[in-house]
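Read through the structure below, which is laid out as structure tokens, and then see the notes.
Values reported hereafter were calculated over all heavy atoms of this structure, with side chains retained and with hydrogens, waters and symmetry mates removed. All residue numbers in this chain count up from 1 along the given sequence.
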Amino acid sequence: MNPSTLPKWPKEYRLKTGDVLVNSTGTGTVGRTRLFNEQVLGPYPFVVPDSHVSVVRTFNQISSEYVFILLSSEYGQNYFADNLAGSTNQKELYIASIAELQVPLPPIEEQLRIAEQVSTLEDNIKILDEEKIKIQSFVNSTKAKILELAIHGKLVHQDSSEEPAIELLKHINPDFTPSDNLHYKGNLPKGWCFSTIGDLFQHNTGKALNGRERDGDGLRYITTSNLYWDRFDLTEVRTMPFTEVEKEKCRATKGDLLVCEGGDIGRAAIWPYDYDVMIQNHIHRLRPKTNLSVRFFYYIFLLYKQQGLIGGKGIAILGLSSRELDRMVVPVPPVEEQHRIVAGIKTLFTVLEEIQTGLEA
């Protein structure tokens, strides 16, 4: 700042502690209020508002804190919204409109009591918000711990009478050989074995979008923008042509586990609908080769993602290739235990999600 320019600003233009600032321009931001305090100036001698900020400066016997509360309240904000001028893209709140706002004005002593009470409530709300953040963090870490216990066989009991997982894999491939997993901590529970996703699931990817291709029937397809953790957003679903061969390769049906190849790599959900949908090439379709709990393996993807065990390789665009996905090693319990684990996770997650819902209410 050039010190020689300071005298050109009259004192009445310089913001003072207690000035109420009102944003007077901009769709979505017009009407936003702040209470100014000179403590924010630091080394600067003063500050002046630009033409898009209106300043409300109170007289004696009127509390600026009370006026700020009033302008920030639903009453004040609704008044501003009803008195805007200008086009949809650039709304304006003229200072004359602010000046015409009818203000309920109690005695100064009551104004100060109101301001003090609101300040106390805001402090309490801030404390509650901080506690909510801590509880939400605890809920998230508890979910991750539940998943970790689950895939280490520590969430539900084992039953020695159940068919071992290796027999399940030999039903698929009589020459099956268990895999090794360097990421797994501790020993596998009795009856479990390591396998790969390729051993357990038939694996296909979808069709690449090609605007010049016209062969086939126009069918609805989903992309990674429709696929979220354990859910789908079908607000916008487009169509493209699929030939008869592509229909079989790229069709997702109820119970298929779908996994993102790009974007949020490894993000997964089970297709839950009674109708089929086609998939684009950035989605992997996993269909079980035998009777197993697809939900159990969804939870493995969720845990692996949280632990940083799912990533991508590439130069320009990171992605989870078909080869990498097929070779992903996972622990496999007996089928009956898979279902018990899923039931146990769902029960515990339901309690935690009720807590989260309560925090958001």
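- Between F46 and Y13, the ring center distance fails the sub-6.0 Å criterion.
- Judged purely by distance below 3.5 Å, without hydrogens or angles, the side chains of Q280 and T223 never pair a donor atom with an acceptor atom.
- Residue L258 is not grouped with residue Y228 when hydrophobic side chains (ILVMFWY) are merged at heavy-atom distances under 4.5 angstrom, including chains of intermediate members.
- Between the side chain of R285 and the backbone N or O of R251, at least one donor-acceptor pair lies under 3.5 Å.
- Under the 4.5 Å side-chain heavy-atom criterion for ILVMFWY residues, a single connected hydrophobic cluster contains both V40 and V47.
- Applying side chain to side chain contact (heavy atoms under 4.5 Å, CB included) to H284 and the options S321, S322, C260 leaves one that passes, S322.
- Two residues are said to be in side-chain contact when any heavy atoms from C-beta on lie closer than 4.5 Å; L188 and F194 meet this criterion.
- Environment of CG in N124: crowded, with over 12 heavy atoms of neighbouring residues, nucleotides or ligands closer than 6.0 Å.
- If you chain together hydrophobic residues whose side chains sit under 4.5 Å apart, L302 and L155 fall into the same group.
- Taken together through direct or relayed side-chain contacts under 4.5 Å among Ile, Leu, Val, Met, Phe, Trp and Tyr, M328 and L168 form part of one hydrophobic cluster.
- Among residue pairs with one or both ends in residues 21-36, none qualify as salt bridge (charged side-chain N to carboxylate O under 4.0 Å, His left out); sequence neighbours excluded.
- Remark: R295 engages D230 in a salt bridge, criterion side-chain N to carboxylate O under 4.0 Å.
- S73 places a side-chain N or O within 3.5 Å of a backbone atom of L70 that can act as its donor or acceptor partner.
- We find that K249 and E246 are not joined by a salt bridge, their nearest charged nitrogen and carboxylate oxygen being 4.0 Å or further apart.
- Partners of E353 by salt bridge (Lys or Arg N to Asp or Glu O under 4.0 Å), not counting sequence neighbours, listed by chain and number: K143.
- Shown here are the side-chain contact (heavy atoms from CB on, under 4.5 Å) partners of V55, two or more places apart in sequence or in another chain: L15, D19, L21, P49.
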